[in-house]
Amino acid sequence: MQQPFSLQGRVALITGGGTGIGFDIAKCFLASGATVIITGRREDVLKEAVANLGAGAHYAVNDVADLSLTAALVDELAKKHGNIDILVNNAGINMKRPAVEVSDADFANIINVNLNAVFALTREVGKHMLDKGKGSIIMISSMAAYYGIDRVAAYASSKTGIYGLVRVLASEW
């Protein structure tokens, strides 16, 4: 008989874990025995999510768009919870608008949250994982990275960038 999959003793960090896909990922990781840390911008949402997730769930308020906070967040979480064994880059934003109506600021904001922040957090967590010789990083992308979908130029560009990042890091690390 096959043993159930276990993440007992592992620490998972999930960005955007207070709602939606991130929250459901957190539930699955907890059910597999992991300690889970969810992040997001809204403390009230995170508190409610942790209360609903139950034992083994923790939160840290963090805005992934503020890259200046990334290294300190990772160091703080590693000190508090031990090394991060699993990183799930789930947080992201979208804006549905015809490309000719997307401002440079709007485009840059989506790239910053969906790609730059993913790189910064992956780099900082990756340093810890490389030091101990193991870890898992899960990147959330989108079908918009593969198909031409109207009204999501910035989002599709950011999610396509995730695929390039994954290929480079898989080769490098």
Side-chain angles (χ1 to χ4, degrees), residues 7 10-27 29-30 34-53 56-95 102-132 134-142 145 154-166 168-170 172-173:
L7 294 174
R10 304 284 172 88
V11 176
L13 173 59
I14 304 166
T15 65
T19 60
I21 294 170
F23 181 80
D24 286 338
I25 292 169
K27 284 195 297 190
F29 278 44
L30 283 165
T35 297
V36 170
I37 307 158
I38 58 173
T39 68
R41 294 172 293 179
R42 299 169 295 171
E43 188 168 21
D44 58 329
V45 171
L46 295 170
K47 280 183 178 179
E48 183 179 343
V50 165
N52 288 326
L53 290 167
H58 309 273
Y59 75 89
V61 177
N62 184 60
D63 182 355
V64 296
D66 188 345
L67 304 183
S68 70
L69 303 174
T70 305
L73 172 73
V74 172
D75 289 342
E76 175 189 326
L77 294 177
K79 286 177 188 164
K80 187 174 181 180
H81 299 282
N83 282 323
I84 298 165
D85 301 293
I86 303 161
L87 169 61
V88 181
N89 283 302
N90 170 69
I93 59 173
N94 192 3
M95 174 183 52
V102 176
S103 71
D104 292 340
D106 290 336
F107 193 92
N109 184 49
I110 290 173
I111 294 295
N112 190 52
V113 170
N114 294 1
L115 184 58
N116 297 343
V118 168
F119 173 72
L121 185 58
T122 300
R123 179 192 61 225
E124 296 305 316
V125 172
K127 291 175 185 178
H128 291 266
M129 290 178 174
L130 289 167
D131 283 346
K132 67 179 188 169
K134 63 181 179 175
S136 297
I137 300 171
I138 300 168
M139 307 284 203
I140 305 297
S141 187
S142 169
Y155 180 78
S157 297
S158 70
K159 294 303 185 173
T160 301
I162 294 294
Y163 284 106
L165 180 59
V166 166
V168 168
L169 295 179
E172 190 174 321
W173 294 352

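Treat the numbers as computed from the prediction; the structure is a model and nothing was measured. Numbering of residues begins at 1 and proceeds along the displayed sequence.
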Student: Flag yes if more than 12 heavy atoms outside Asp131 fall under 6.0 Å of its CG atom; otherwise flag no.
Tutor: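 For Asp131, atom CG is crowded (more than 12 foreign heavy atoms under 6.0 Å).
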Student: Tell me if the CZ atom of Arg123 is crowded by more than 12 foreign heavy atoms within 6.0 Å.
Tutor: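 Check passes, neighbour count above 12.
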Student: Please name the pair of heavy atoms, one in Leu73 and one in Ala60, separated by the smallest distance, quoted to 0.1 Å.
Tutor: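 That would be CD1-CB, 4.0 Å.
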Student: Does any part of the side chain of Leu87, heavy atoms only, come nearer than 4.5 Å to the side chain of His128, both counted from C-beta?
Tutor: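 The answer is no, as the side chains (C-beta and beyond) never meet within the 4.5 Å cut-off.
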Student: Using a strict 4.0 Å threshold on nitrogen-to-oxygen distance, state whether Asp44 and Lys47 make a salt bridge.
Tutor: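 Answer for the salt bridge query: no.
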Student: Name the one of Thr70, Leu69, Val74 that satisfies side chain to side chain contact (heavy atoms under 4.5 Å, CB included) with Asn62?
Tutor: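 Of Thr70, Leu69, Val74, side chain to side chain contact (heavy atoms under 4.5 Å, CB included) with Asn62 is met by Leu69 alone.
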Student: Please assess Lys127 against Glu124 for the test salt bridge (charged side-chain N to carboxylate O under 4.0 Å, His left out), listing each intermediate value before the final yes or no.
Tutor: CA-CA 5 Å; Lys127 291 175 185 178; Glu124 296 305 316; 3.2 Å; yes
Student: What is the minimum heavy-atom distance between Trp173 and Leu130, and which atoms define it?
Tutor: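 Answer, listing the atom of Trp173 first, then Leu130: NE1-CD1, 3.7 Å.
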Student: Would you give the length of the straight line joining atom NZ of Lys80 to atom CG of Asp75, rounded to the nearest 0.5 angstrom?
Tutor: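 Lys80 NZ to Asp75 CG: 14.5 Å, rounded to 0.5 Å.
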Student: Out of curiosity, Asn114 CG to Asn94 CG, how far, rounded to the nearest 0.5 Å?
Tutor: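 Asn114 atom CG to Asn94 atom CG measures 7.5 Å (nearest 0.5 Å).
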Student: Among Val118, Thr39, Ile38, find the residue that satisfies the side chain to side chain contact (heavy atoms under 4.5 Å, CB included) test when tested with Thr15.
Tutor: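 The passing option is Thr39.
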Student: More than 12 heavy atoms of other residues, nucleotides or ligands under 6.0 Å from NZ of Lys134: is that the case?
Tutor: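 No, not enclosed.
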Student: Checking side chain to side chain contact (heavy atoms under 4.5 Å, CB included) against Ile86, which of Ile14, Leu7, Leu13 comes through?
Tutor: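 Exactly one pass, corresponding to Leu7.
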Student: Locate the shortest heavy-atom distance separating Phe29 from Ala12; write the atom from each residue and the value.
Tutor: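 Residues Phe29 and Ala12, closest heavy atoms: CD2-CB, 3.3 Å.
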Student: To the closest 0.5 Å, what do you measure between CE (Met139) and OH (Tyr163)?
Tutor: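 Between Met139 CE and Tyr163 OH, I get 11.5 Å after rounding to 0.5 Å.
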